[in-house]
2 protein chains.
Amino acid sequence: MKETLHKYINSFVQLTKEEFATFDEILTQKQFKKNELILEAGKICQRVWFATDGYFRFFHIDSRGNEITSDFYFAPSFISSFTSLLRESPSLVNIQAMSDMEVLEFTKKDLFKLYDNYPKIERLGRLIAESVSIASEEHLFLLLNQTAEMRYKKLLEKNPKYVKIIPLQYIASYLGITQETLSRIRKSVQ
Amino acid sequence: MKETLHKYINSFVQLTKEEFATFDEILTQKQFKKNELILEAGKICQRVWFATDGYFRFFHIDSRGNEITSDFYFAPSFISSFTSLLRESPSLVNIQAMSDMEVLEFTKKDLFKLYDNYPKIERLGRLIAESVSIASEEHLFLLLNQTAEMRYKKLLEKNPKYVKIIPLQYIASYLGITQETLSRIRKSVQ
DNA sequence: GATAACTTTTGATAAATGTCAAAAAAATTA
DNA sequence: TAATTTTTTTGACATTTATCAAAAGTTATC
């Protein structure tokens, strides 16, 4: 578990044994059940998780009572409601584990202490923030495509994995359409 | 000009006189004319700009030949195609100055040298990346609203400034709709 | 392996939004 | 101020997408 984390971190920035040891100290292991909410909308997110397998779904309930999926995170990855974490504002999203899984957890408070003492760990933070930002922009660009069919085709091109693994109903709202429409598009495209 | 930049930076992280002096060394002053493209789609972005007034528009041409506005940056702010800059990939967007303006410019290369030597400047980089990420998520959430009217109302609520200052045609594609539809919505809402 | 629960598909219809062309309004320039 | 250019609005109509209800298909559970 921790080895996977170390490998993952090393793909961003090389840490020394001592730095890894310090990082390991703030970690605690946790288990999540399939469909469990690891963060509920309305609460202020104080933690970051690291998952080695499976994936997570971000969703919220809109003004009409519909469940809207806004994001997916596939392991290996750090997962958090970064907006809530950084702003200390109530999370707009629920984060849901999509399978039974084990994760490593740490608090924002502990992480920020590491930032103060280990510039390389703060660099890791910068690089993660940058990659989250890029992923968010990609989703944004997907949604800016005018037709639902074009959005679906671009997703197929860019993230075929999403289409293979994630239930259609969740992909639909991620693309800003209903599941019925996505079902019809999928039929017409293939 | 530089004083405004220093004030802006200080709102993220306190730099010493020496650190500001070092930062100042990588800056060059530039002028842009209204409507000028400060970055063209297809080119790899190598620079970051800092503007003290006015605003910028990000746009691209989609597969149907329509101009799609994907972002706005209001001064004071750092402006760049961060995705292109960080990935060293061709920019998907054009960045356009929306008025005559003076800016301070610096290269990615120089910035990254500062990151290596000044942890506080790297922290600034992290904080900027985080705020870009949050802004991007907000636009994303706007687009996930199902009806065009709801998207417009949420924009009015969240960024009344946009609606006041930016021509309707640009706001329309930012909301994922045509200008005719936005014109009709605006009429029905007010 | 049968039952239940959940997910996807289908059909009919309504509603929202896009398209194109032209007019009106506003901003810019001579 | 007049002329020109740019932006916004309007109308008629086409197209896309949503909605609702039900059926079919799939997966999980006992």
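In the text below, chain A, chain B and the rest are named by the order of the sequence lines, each starting its count at 1. Note that the structure is a prediction, hence the values are computed from the model and not measured.
Between A:Tyr174 and A:His139, the ring planes are parallel. Angles under 30° get that label, and only those over 60° would be called perpendicular. By the 30° and 60° cut-offs, the orientation of the rings of A:Trp49 relative to A:Phe32 is perpendicular. Ring planes of B:Phe20 and B:His6: parallel class, angle under 30° (limits at 30 and 60°).
Residue A:Ile177 places its side chain closer to D:dA18 than to any other of C:dT17, C:dT8, D:dA18. For A:Ser183, whose side chain is taken as the heavy atoms from C-beta onward, the closest listed nucleotide among C:dT10, C:dT7, D:dT8 is C:dT10. Comparing C:dT7, D:dT8, C:dT8 against the side chain of B:Gln169 picks out D:dT8 as the nearest.
Here C:dA27 presents its P atom at 11 Å from NZ of B:Lys34, a figure rounded to the nearest Å. The distance from atom CD of B:Gln179 to atom P of D:dT6 is 14 Å, rounded to the nearest whole Å. Spacing between atom NZ of B:Lys187 and atom C1' of C:dA16 amounts to 17 Å, rounded to whole angstrom units. Look at CE on A:Met98: it is 14 Å from C1' on D:dT27, rounded to the nearest Å. Whole-Å rounding puts the A:Asn35 CG to D:dA28 P distance at 11 Å. Atom C1' of nucleotide C:dT17 and atom CZ of A:Arg151 are separated by 12 Å, given to the nearest angstrom. Going from atom CD1 of B:Ile171 over to atom P of D:dT8 covers 9 Å, rounded to whole Å. One can place CD1 of B:Ile185 at 14 Å from P of D:dT10, the figure rounded to the nearest angstrom.
Close placement of the A:Tyr73 and A:Phe58 rings is indicated, their centers lying within 6.0 Å of each other. Ring to ring, A:Phe78 and A:Tyr8 are close: their centroids are under 6.0 angstrom apart.
Remark: B:Arg126 is positioned above the aromatic ring of A:Phe112, its terminal NZ or CZ atom under 6.0 angstrom from the ring centre and at most 45 degrees off the axis.
An angle of 50°, rounded to 10°, separates the two end axes of the helix from C:dG1-D:dC30 to C:dA30-D:dT1, each defined over five pairs.
Residue A:Pro167 is the one, among B:Ala148 and A:Pro167, whose nearest nucleotide of DNA chain C lies closer to the 5' end (criterion: closest heavy atom).
Open room surrounds CD on A:Glu3; 12 or fewer heavy atoms of other groups in view lie less than 6.0 Å from it.
One finds a salt bridge joining B:Lys153 and B:Glu149 here, because a Lys/Arg side-chain nitrogen approaches an Asp/Glu carboxylate oxygen to under 4.0 Å.
Within 4.0 Å of A:Leu182, counting heavy atoms only, lies no atom of the nucleic acid at all.
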What does the list of N/O pairs under 3.5 Å between the protein and nucleotides 19-22 of chain C look like, with a distance for each?
{"unit_1": "C:dT19", "atom_1": "OP1", "unit_2": "B:Arg64", "atom_2": "NH1", "d": "2.9"}
{"unit_1": "C:dC20", "atom_1": "N4", "unit_2": "B:Glu180", "atom_2": "OE2", "d": "3.2"}

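Looking only at side-chain heavy atoms (C-beta outward), A:Leu92 and A:Thr83 stay at 4.5 Å or farther from each other.
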